[in-house]
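A short write-up of the structure that comes next.
Just so we're on the same page: letters track the sequence lines, and every chain starts at 1. Because only heavy atoms are used, hydrogens play no part in the values below, and waters and symmetry mates are left out as well, while side chains stay in. Just so it is clear, the structure is predicted and the values come from calculations on it, not from any experiment.
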Amino acid sequence: MRSVELIVHKEVGQARIGEIIDSINKLQFGTGYLVPYIRGAEDIEVALFNPDVFVDGQPVEICGFAAASILNKAIVLEERLKEDQYALTFLDFTHNHPMLMSFPPEVIWTGRERGLNHWEKSLRRFIQFSSPGFSEKEIDQLCGCIINAAAQYKMTYGFWSYIVNNSFKGERLSKLLMEWVITTATKMRCKYLSGLNPIINAKTPGSVVLNHRVNLAYAALVRDMEDAGLETPQYFYTIQLHSNMVQPDDWTNLLSEVVGYCRSALETTDMFSGIHIMVRNLENISKVVGRVRTMLKLFEELNRIGYEYKLPVWWSNFGLIGLAVLDEGGDFASFTPNMAIKDIITEAGPVEKDHQFGKVLNIHAKELWERKQTRKSRNRGYNLPKLNHFNTRNIPDDLELESPPLYRRMFSKPYNIAAMNELSLMWRENIENGEIRPGRHYLRDFSPPFNVWGLDL
Amino acid sequence: MDTLKNITVEDLLGGKDVFDDSEAKGIHGTKSWVLTILRQNPDGVTAKMVAEIVGISERRAREILEELVTKREAYSRKVQNIKLYYPNGKLIHKYLQESREFGNQIFRLSFHEGKRGPILQIQERKFSLLEGEKVEGSIFVELENIEGLVNFIREMYERFRMFKEEEVS
């Protein structure tokens with residue numbers, strides 16, 4: 001049963017500001033925001049110790065593959081968080097911020113070790129709740145089956161054929177996996193869910209239909225559980241695109257199919273509460289203007305569907321490009337606190353110490369600064385800007401400048417979240433004032449690769 | 001891989017009936033299916049019966065039934081050494097079920113079809129980082145007693161307040 005309704009208060013061009021009314025969860029929150037994406041343990045630590053860098057009540061996206069790491073970190077920090085008058089416990093955080101759980105496609109598609117390790121931990125942690133009655137040995141076997149299949153069938157759809165055609169103790173692996181996805185989201189107190197779905201790849205046209213059916217299957221499972229009175233999150237129609245789906249100035253038949261299936265799903269059922277989209281390799285797409293134009297059309301097409309059916313459209317892991325998303329009518333665009341637009345779960349970080357510090361957003365200079373720039377500017381007394389809406393520190397201390405984890409946890413990530421929220425609030429003010437496409441206008445003179453999203457080159 | 005087009009929703013979930021895009025007939029999650037079977041059999045079911053219908057092991061069926069007992073969705077009784085599970089009423093409509101959080105306490109209220117008419121179930125739940133949201137306990141109130149119970153709670157609350165005021169003075 002659809003419980004979510006999008007009410008639009010203000011429209012300027014394609015852009016819209018409004019609110020979500022969620023009658024089942026008794027929630028009401030604004031749309032037209034850049035929202036943080038919690039990728040793992042470090043991000044949740046930053047979020048819990050720095051609640052003041054968030055907009056009150058703003059939704060947050062969280063990575064389902066890293067669910068166990070996130071929860072373990074929350075457990076370890078629980079006592080310290082309770083003692084810290086400025087911090088929030090995980091439970092309090094979920095009260096303040098409705099969460100959407102998503103499953104980035106690269107984990108299955110690339111089968112990289114780090115992603116699979118995270119996934120295996122989360123599978124073991126939550127499968128006892130989604131599939132009670134399996135012994136420890138059986139749980140080991142079941143997790144082994146799923147993880148080995150993902151490791152074995154890289155860059156193909158073999159994983160999906162495998163889980164559809166194989167069973168464990170009489171139950172189809174695909175069903176056990178989908179029940180795990182739904183239960184993990186529920187146990188993590190996520191109100192909304194985007195599925196663990198196959199990536200859509202131009203080289204495999206059948207992946208469009210497969211993804212659509214996986215969406216229908218999730219929705220059917222959620223409805224069945226809801227009907228029985230069991231707790232479930234609200235499910236979003238999920239679209240995860242391989243970058244080869246985005247060709248320069250070419251609106252392909254496959255893209256039309258993706259949009260068409262999404263529309264038909266929303267038109268024929270009330271089982272979806274929104275649309276959630278993720279696109280891999282945005283950095284590469286940003287290098288070709290024609291591909292950016294194709295993406296802008298995709299924004300327009302999918303956002304229009306959300307608008308017609310009064311449902312939110314959520315663009316995942318778009319970083320600063322989220323400003324262009326909002327201009328074209330998106331309701332939410334998530335960003336990671338490290339400001340990257342790469343895969344959510346990548347292999348271990350860079351070996352070079354300088355790169356381990358990550359980047360920090362300077363919203364005035366319109367640049368992403370590395371540590372050496374932050375240090376240089378500090379020495380010259382020209383610091384990162386102070387933010388109007390958030391009272392966060394804009395200068396790292398000596399200790400932070402020497403330690404990558406400290407720098408990220410104590411300085412760059414909290415600052416980045418605050419700076420992105422500042423941009424989000426500025427965008428909203430501009431829209432309230434009737435300005436057309438303020439996000440793309442802002443990006444026009446940002447440092448590459450983001451400037452191209454302003455177009456008019 | 002054109003064969004991907006042939007993977008249907010039934011293939012993914014193992015539903016037995018025809019599925020079209022608007023109706024999810026015959027599609028069941030394992031837990032909800034067990035709960036449905038339980039509710040369709042007010043005279044009781046055994047773990048073995050459930051296992052055969054759903055196509056899962058008896059141990060798994062028993063674990064799910066026990067979980068439903070913990071959640072107060074069901075209760076069990078031993079009849080001549082056989083453990084039978086009975087439904088604690090059937091949810092009348094999903095619209096008639098809602099949870100609210102009061103600080104750390106979560107209450108879920110839902111209306112069920114009882115043996116003698118509609119009953120209100122009040123569940124107390126708690127969230128823990130280790131186990132997620134978990135049912136702590138629940139009570140059932142017959143429809144005609146709801147107002148009386150609410151007044152009783154108010155009366156006791158008032159008495160408590162007066163007691164506290166007197167204590168202070």
Side-chain angles (χ1 to χ4, degrees), chain A residues 1 24 26 71 74-75 78 90-91 94-95 126 129-135 156-157 160-161 163-165 167 169-172 174-176 178-179 182 186-189 198 204-207 209-210 213-214 216-217 219-231 264-265 268-269 271, chain B residues 1-15 19-25 27-36 39 54-64 66-67 71 73 90-91 93-95 97-101 103-104 108 110 112 127-133:
Chain A
M1 186 171 66
I24 283 189
K26 293 280 169 280
L71 211 51
I75 290 171
E78 182 80 351
F90 184 76
L91 179 63
T94 63
H95 283 147
F126 293 102
F129 301 116
S130 64
S131 304
F134 286 136
S135 67
T156 70
Y157 289 85
W160 294 93
S161 303
I163 62 166
V164 166
N165 294 317
S167 298
K169 305 284 171 199
E171 288 177 87
R172 219 166 286 238
S174 46
K175 185 177 154 193
L176 290 171
M178 289 172 139
E179 287 182 323
I182 295 167
T186 309
K187 286 284 174 189
M188 294 286 287
R189 296 177 61 83
T204 313
S207 57
V209 186
L210 175 67
R213 291 188 179 145
V214 169
L216 293 176
L221 265 184
V222 166
R223 183 156 83 177
D224 177 55
M225 289 166 81
E226 240 179 33
D227 284 345
L230 300 171
E231 288 72 36
S264 89
T268 52
T269 79
M271 301 193 287
Chain B
M1 281 175 87
D2 277 329
T3 49
L4 292 182
K5 282 186 182 172
N6 303 326
I7 294 177
T8 63
V9 175
E10 296 87 66
D11 291 333
L12 286 156
L13 296 181
F19 180 94
D20 68 51
D21 285 4
S22 61
E23 283 295 320
K25 290 169 188 159
I27 300 295
H28 291 294
T30 307
K31 269 191 215 172
S32 50
W33 198 358
V34 173
L35 190 51
T36 306
R39 285 170 179 165
V54 180
I56 55 178
S57 70
E58 196 177 325
R59 188 178 64 202
R60 190 145 139 64
R62 194 177 304 111
E63 285 281 340
I64 296 174
E66 286 297 330
E67 188 186 314
K71 286 186 171 179
E73 299 286 359
K90 182 188 170 196
L91 180 69
H93 192 278
K94 55 190 173 187
Y95 172 70
Q97 173 169 288
E98 196 173 311
S99 293
R100 276 210 196 148
E101 298 189 14
N104 284 338
R108 192 188 80 175
S110 50
H112 296 251
F127 173 78
S128 78
L129 288 167
L130 281 174
E131 294 176 275
E133 205 171 297

Can you say whether B/T30 sits under 4.5 Å from chain A via the side chain, the backbone, both, or neither, judging by heavy atoms? both
Once you round to the nearest 0.5 Å, how far does CD of A/E226 lie from CD1 of A/I182? 10.5 Å
Can you measure from NZ (A/K169) to CG (A/L176) and round to the nearest 0.5 angstrom? 12.0 Å
Heavy-atom cut-off 4.5 Å, strictly under: side chain, backbone, both or neither for A/I163 against chain B? neither
Pairs of heavy atoms under 4.5 Å with chain B: top-ranked of A/A74, A/A219, A/S131: A/S131
Among A/V209, A/I75, A/T94, A/T186, residue most engaged with chain B (heavy-atom pairs, under 4.5 Å): A/I75
So, the part of A/V214 with a heavy atom under 4.5 Å from chain B: the answer is both
With only heavy atoms counted, which part of A/F134 is less than 4.5 Å from chain B, the side chain, the backbone, both or neither? both
Per-residue contact mode, B/I7 against chain A (heavy atom under 4.5 angstrom): both
Go through the atoms of B/R62 and report whether side chain, backbone, both or neither lie under 4.5 Å from a heavy atom of chain A. neither
Residue part contacting chain B, namely of A/K26, when any heavy atom lies under 4.5 Å: side chain
Side chain from CB out, backbone as N, CA, C, O: work out which of these in A/M225 comes under 4.5 Å of a heavy atom of chain B, or both, or neither. both
On the 0 to 90° scale, with breaks at 30° and 60°, tag the A/F126-A/F129 ring pair as parallel, tilted or perpendicular. tilted
For chain A, which candidate among B/E131, B/E63, B/E101 shows the most heavy-atom pairs at distances under 4.5 Å? B/E101
Supply the atom-to-atom distance A/L221 CG to A/L216 CG, rounded to the nearest 0.5 angstrom. 11.5 Å
Measuring heavy-atom distances to chain B, does A/S135 have an atom under 4.5 Å in its side chain, in its backbone, in both, or in neither? both
Between B/R60 and A/P132, is there a donor-acceptor pair closer than 3.5 Å when you use the side chain of the first and the backbone of the second? yes
Contacting region of B/L91 [heavy-atom separation from chain A under 4.5 Å]: side chain
Check each atom of A/S167 against the heavy atoms of chain B and say whether the ones under 4.5 Å are side chain, backbone, both or neither. neither
Would you confirm whether A/S174, through its side chain, and B/L12, through its main-chain N or O, come within 3.5 Å as a donor-acceptor pair? yes
Test side-chain contact (heavy atoms from CB on, under 4.5 Å), reference A/V164, set B/D11, B/L4, B/L13, output is B/D11
Return the CD to CZ distance between A/E231 and A/R189, rounded to the nearest 0.5 Å. 11.0 Å
At their closest point, which heavy atom of B/T8 faces which heavy atom of A/R213, and how far apart are they? CA-CD, 3.8 Å
